[in-house]
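One structure is given here, and the rest of the page talks about it.
Every chain is numbered from 1 and lettered A, B, ... according to where its sequence line falls, protein lines coming before strand lines.
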There are 2 protein chains.
Amino acid sequence: MNSKFLRVEGGVLAAKGYQAAGGTCGIKESGLPDVGILYAPEGALCFGTFTKNLLCAPPVTHSKSILDHSKFLRGVVVNSGNANACTGNEGLKNAIAMTDQIEGLTEQAEGSFLVCSTGKIGDQLPMDLIQKGIKEQHADLNSERAFGKDFSHSILTTDTDIKEIALEINLSVGTFSIGGCSKGAGMIHPDMATMLAFVTTDIQLGDAFREEYQEIINETFNSITVDGDTSTNDTALFFSNGASGLNYNTLPLGDQSLVREAIAYVFTYLAKAIVKDGEGATKFVEIKVTGANTKAEARKLGRFVANSKLVKTALFGGDPNWGRIVSAAATSGVNINPNVLSLSFSDIKVFENQQPLEVSLEDLNNLFVKEEIYVILDIGVGNAEASVWTCDLSYEYVKINAEYHT
Amino acid sequence: MNSKFLRVEGGVLAAKGYQAAGGTCGIKESGLPDVGILYAPEGALCFGTFTKNLLCAPPVTHSKSILDHSKFLRGVVVNSGNANACTGNEGLKNAIAMTDQIEGLTEQAEGSFLVCSTGKIGDQLPMDLIQKGIKEQHADLNSERAFGKDFSHSILTTDTDIKEIALEINLSVGTFSIGGCSKGAGMIHPDMATMLAFVTTDIQLGDAFREEYQEIINETFNSITVDGDTSTNDTALFFSNGASGLNYNTLPLGDQSLVREAIAYVFTYLAKAIVKDGEGATKFVEIKVTGANTKAEARKLGRFVANSKLVKTALFGGDPNWGRIVSAAATSGVNINPNVLSLSFSDIKVFENQQPLEVSLEDLNNLFVKEEIYVILDIGVGNAEASVWTCDLSYEYVKINAEYHT
C-alpha cells in the first residue's frame, strides 16, 4: 500500500458527511441484520453500476431510473434476505415504497434515494417488517466511524464475514477519506449470488471522473468471477460529497494520481474480498492475460478461462494442468496467436510454441499448494493486458448448490 | 423410431463397402484397445467437422488440410490414449506418418486417409508402438458386421462403454444402411474431453447434401455440452460410398425425407450417448429454447443455460430451481423479452410475466427425481427453436477432475 495511505476504521463512515445505520427487521429467519441505510444529508454525486441481467430486479430498475434523472443524491436504502427479484409489478411498487419512505423520513425530495435488495428471489418483500425496519434504522442514523460496521453487516447474505475497508489519504494540499463495504457471492437459500458494493468519499469528484470510474470498475468488479453467473441484483454505488473541502478537478496532477490510486485500492480490496469468500473457495486465483489487442479482449479471455469448470477443478485439486488452461484460452472467441501463446504459473513458464516446456514438477507443485495462484497467459497478438480474479471449484461448491430443495 | 428403420448390429460396418479393425498396440497402460482403422476400399465422399479450438491438435490440422484438397477419401486411422495435441512440429510429422503408413499398406494414393487421435495431451506419440499397431490392424481389416465393435472399442478413452448404433432403412426403391460410433467426454488422465464420431452409410450422398449435413451436426453434436470446454481434437466424420446402389439425389422426395431422418437419428443417438456418459453425470437434461429470433440464437442461449454451474448443480441436487435458469437465460447475450419469458419443466409451467407461478411442489419433485429432465424456455421474441442436451454437475465430476496430479 502507498505510504500516503493510512488504513482506518469506519467503512462507509470513514469519509466525512455521511451517516449510516444497520440492524434487524426480521426478513431473515436467522435474526441477523437485514436492513440498512446510507445517508448523505448534504447530498453527493453518485456513480452507479448495475447488473446487465435482462431480468434485473425491481430495485435495480427503480434505482437506474432515479439515476437517469439525477446523479446528485442523498443515499441508499438496502435490505438483505429477500432480493425482490422476479416479483413483477408488486415488486416494483415495493421498491418505490422503500425509497418513498426514507425520503419522507429524511425530508428529502422524491428521487433522492436509491434502493438495493439481495437475498432469496421470487418472494414478495415483507413490507410491514421492512417499513418498521427503515423507520428504526432512520432513527439510528449516525456519522461516527464506529457505526460503519452496522451497515456493512446489514447487507450480507451467506457471506462468512463483513467485507469493508477505509483509507485516509494525505495529499499535498490536504487529507480526505474513502471507504466502503461489499457483499458477495454467497447464494441465499441458495438461489442467487449477488454482489453489492457501497463506497463513499469526502473528496469532490465531478461528472468528468465517470470515465476513470468506469475503468476502475472494469478492473475490479468487472474482473471477478466466482461461477460465471450474473445476478439479477448486482449493484455498485460510489458517492462523493466534497465534505473534505477538496475537489479532484483543482488538485495538482500528482495528487489526482494519488486519488485515483486510492479509489482503485478500495475497489480492488472489496472485489477481491468477494472472490476470497466465494462459495466453497479454497484458493484465490489471478489470471493475467497479456499480449491482447485490447484490455476488453484480455478481460474476456481471462473470464472465459476463469469460468472453465475443467480449469477450476484442476485448481481445486492443486494441479498445474497447463493443458486445460491453454485449451480454454484457445476457445474463448478472443483472437490469439497459437504459435506465440505462452503460459506461466508465477515465474515458471510451462508452455510455449504449441508445446509444454520441461520444468521442475517440484517447483510447480510448491506453487500450487499455496492459497494464491498466479496464472499468466500471453496470447501474442497485441500489447493490452488485464487481470481477472477467481476461485476454485470444490466439492463444497457442489454441496452448497446442490443440497438445497426449492 | 420410424417403422421403416430396423436397428441392426455392426456400427460402422453395418453399411456395405467398408472394412474396419481395432485392437491394442500398447499406448494405454491398461492394455485396452487403442488403435483402429476404418477403410472404404472403393472410396467414399467424406463430410468432416472439426474442433474450433484455435490450438487444434496436429491430427486435426493434417486432416483438415487433406479434406481441403479432396472430399473423396479411403478412410481414417485412429489412436486413443494419446491426443497428439500440444506437440508442435514433431506432432504434425507423426500425424502425417500415420496416414502415410496406412496409405502405403492399402496401396492408396497420398491424401486419401484422415487421422484422429484422442487421449492425453502434451506427450509425443509412441510411434514405434503406433506403427506396429497400424500394421497389425491393417492385417485384421474385415467387413463382417461383427467386427464393427472392435473399431468402436479402439476409439474410447475413459468412456464407460462403447457408443454405437446402426440402422437398416427400407425405402420405396431399396434398402440402405447407416451406422457409426462415438466416444465422449471422459478425460484421459484427465486432461481433455474429446468427442469423436465416425458414421458410414452405403447410400450415395452428394456435395449438395453438405448443407443438410451441417444442420444435422448443429442439431446433434453442436447441441451437446458436458462442461462447456472444447477440446483440441473434436472430430466427426461421415462417409457415404453408394455401395447400396442408391443415390440420394435421384430418390423420390419421400425417400429423401426418410434418409435425412435416418441420418439425424444416428447422429442424435451418438451425440446423446456422449452426454449420458458424461463425467459424473447422474441426469440427462434437455433444454429446449423456443420463441428465439434464429435457431442459432436458441442454441446459444440453450448452451449458456446448460453450462451454468448454478443450474447444473441444482439439477444434480434434483432441485426445480427456476430462478437460476431464468437468470442464466437473461445473461446469455441473446435477445429475449423478459416480460414474456416463460419456463416449464416438462408440461408444468413455473415462471411467466417476470414472476413464479403457483405449482404443485410434489408434481415438480416427481419430475426431478427422474433420470431425464426436460426444460422448456420460451424467450418471446421470434419463432425459432432449438434443443440442447447436457448433464448435471456432481461431486463425482469434481472428484474426477480434481483428484489428478500432473
In Å, rounded to the nearest 0.5 Å, how long is the span from CD of B:E352 to SG of A:C86? 13.0 Å
In Å, rounded to the nearest 0.5 Å, how long is the span from CG of A:L54 to CG of B:L341? 9.5 Å
Could you check whether any side-chain heavy atom of A:L55 comes within less than 4.5 Å of a side-chain heavy atom of B:S327, counting everything from C-beta outward? no
Considering only heavy atoms, give the residues of residues 58-65 of chain B separated from chain A by less than 4.5 Å, sorted numerically, with 'none' for an empty result. none
Roughly how far apart are B:C56 SG and A:Q354 CD, rounded to 0.5 Å? 8.0 Å
A:F368 versus chain B, heavy atoms under 4.5 Å apart: side chain, backbone, both or neither? neither
With only heavy atoms counted, which part of A:V334 is less than 4.5 Å from chain B, the side chain, the backbone, both or neither? backbone
Could you tell me which residues satisfy side-chain contact (heavy atoms from CB on, under 4.5 Å) with B:N293, sequence neighbours excluded, listed by chain and number? B:E297, B:N335, B:V381
What part of A:Q124 gets within 4.5 angstrom of chain B, counting heavy atoms only: side chain, backbone, both, or neither? side chain
Pick whichever of A:G91, A:G88, A:A329, A:S332 has the most heavy-atom pairs under 4.5 Å with chain B. A:G88
With sequence neighbours excluded, tell me which residues meet side-chain hydrogen bond (donor to acceptor under 3.5 Å, both in side chains) with A:S342. none
Could you report the tightest heavy-atom contact between A:G122 and B:P356, atom names first, then the distance? O-CG, 3.5 Å
Do you know which of B:K52, B:E90, B:Q355 has the most heavy-atom pairs under 4.5 Å to chain A? B:Q355
Results of salt bridge (charged side-chain N to carboxylate O under 4.0 Å, His left out) for A:D378 - residues two or more places apart only: none
Between the CG atom in A:N89 and the CG atom in B:N353, the distance rounded to the nearest 0.5 Å is 9.0 Å
